[in-house]
Each structure stands twice: as structure tokens, then as C-alpha cells.
Amino acid sequence: KLGNEKVSVGRYITQDIFLSYERQQGEETSNKVGVEYSINRHLKVRGSSSNTGDSALDVLWRIDY
């Protein structure tokens, strides 16, 4: 859609914790913050929340071949 713009920034605050911020403008402007924690080499937990009431908690499992 034209008129929808999204800007995201993030930064590691420790070796295992990544914080992010996302702002989306369009029909409805939203702000979203997230945090990702690396438990070990294969397992991460990611949570996010927005001012529109959306929230999520994800468990990410990664296997390298």
C-alpha cells in the first residue's frame, strides 16, 4: 500500500540481549518494542508489544547444517 512506512532500529545491550523499536505510519500509526534473549547457540526467546494492543512471545530454535 502506498503511504505505509515502517522504520526499525535495534541494538544489542549485552551479548545475549537485543532491544528493538519499530514505528509504522499509515492508516494507523503504531509503535512496537521488542526484546530478544539468546539462551544458548540454538535457542532464543523473543517478546514484543505495541501501543495498538498487539503482543507476542516467540521461542526460536535454530539448527545449522
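Model, not experiment: these values are computed from the prediction. For this chain, numbers begin at 1 and follow the sequence in order.
Within the hydrophobic cluster formed by Ile, Leu, Val, Met, Phe, Trp and Tyr side chains joined at under 4.5 Å, directly or through other members, Tyr21 is accompanied by Val9, Val33. Grouped by direct or indirect side-chain proximity (heavy atoms under 4.5 Å, Ile/Leu/Val/Met/Phe/Trp/Tyr only), Tyr12 sits with Phe18.
A 4.5 Å side-chain heavy-atom check between Leu57 and Val45 finds at least one atom pair inside the cut-off. Counting heavy atoms from C-beta outward, Glu36 and Leu60 have side chains that approach closer than 4.5 Å. Between Glu22 and Ser20, the closest side-chain pair of non-hydrogen atoms is not below 4.5 Å.
In this structure, CD in Glu5 is found 10.5 Å from CZ in Arg23, a value given to the nearest 0.5 Å. With rounding to the nearest 0.5 angstrom, the OG1 atom of Thr29 is 8.5 Å from the CD atom of Gln24. For the atom pair CD1 of Ile17 and CZ of Arg11, the computed distance is 13.5 Å after rounding to the nearest 0.5 Å.
No donor-acceptor pair under 3.5 Å is formed between the side chain of Asp16 and the backbone N or O of Tyr37.
Minimum interatomic distance between His42 and Ile63 (heavy atoms only, all atoms of both residues): ND1-CA, 4.3 Å.
Within the structure, every pair that satisfies the side chain to side chain donor-acceptor pair (under 3.5 Å) test and touches residues 52-65, not counting sequence neighbours, is listed here: Ser50-Thr52, Thr52-Asp54, Arg62-Asp64.
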**OP:** Could you check Ser8 against Lys6 for side chain to side chain contact (heavy atoms under 4.5 Å, CB included), going step by step and ending with a plain yes or no?
**Re:** CA-CA 7 Å; Ser8 302; Lys6 185 190 297 186; 4.2 Å; yes
